[in-house]
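The structure under discussion appears below in the form of structure tokens.
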Amino acid sequence: MKTYDICFSDGSSSEGKGFHLKTEEKAIRMAEDMLATGNRFVEEYAGGMISVVDSDGEIVWSKPIPELGN
């Protein structure tokens, strides 16, 4: 069974949250909530990307993270 993680990346680094979410839809909702409310990762990776990645390493959803102040 596939699981899904939320990953953050910019031009020089990337980091997964370590989630093992059971549905793609839940992972996407959580990622969108993180973008809307902000957190340390959203701030740290401003200008980069937030993605939902399945356990096979395939990106199933991705959105740019706005620069700080935008």
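Side chains are part of it too, since the values below use all heavy atoms of this structure and drop only hydrogens, waters and symmetry mates.
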Check: Phe41 and Glu15 side chains under 4.5 Å, non-hydrogen atoms: yes

Closest approach of Leu35 to Pro64 (non-hydrogen atoms, all atoms of both residues): CD2-O, 4.4 Å

Partner set under side chain to side chain contact (heavy atoms under 4.5 Å, CB included) for Asp33, not counting sequence neighbours: none

By side chain to side chain contact (heavy atoms under 4.5 Å, CB included) - contacts of Ala31 (at least two apart): Ile6, Ile50, Val52, Trp61

Side chain Thr3, main chain Ser55, donor-acceptor under 3.5 Å: no

Donor-acceptor under 3.5 Å (Asp54 side chain, Asp56 main chain): yes

Donor + acceptor pair across side chains of Ser51, Ser62 (<3.5 Å): yes

Contact check, side chains of Tyr45 and Ser13, non-hydrogen atoms, under 4.5 Å: yes

Connected via hydrophobic side-chain network under 4.5 Å: Ile59 and Met34: no

Extract all donor-acceptor atom pairs below 3.5 Å that involve side chains of residues 19-30 and protein atoms in other chains or at least two apart in sequence.
unit_1	atom_1	unit_2	atom_2	d
Thr23	OG1	Lys26	N	3.1

Check: Val42 and Pro66 side chains under 4.5 Å, non-hydrogen atoms: no

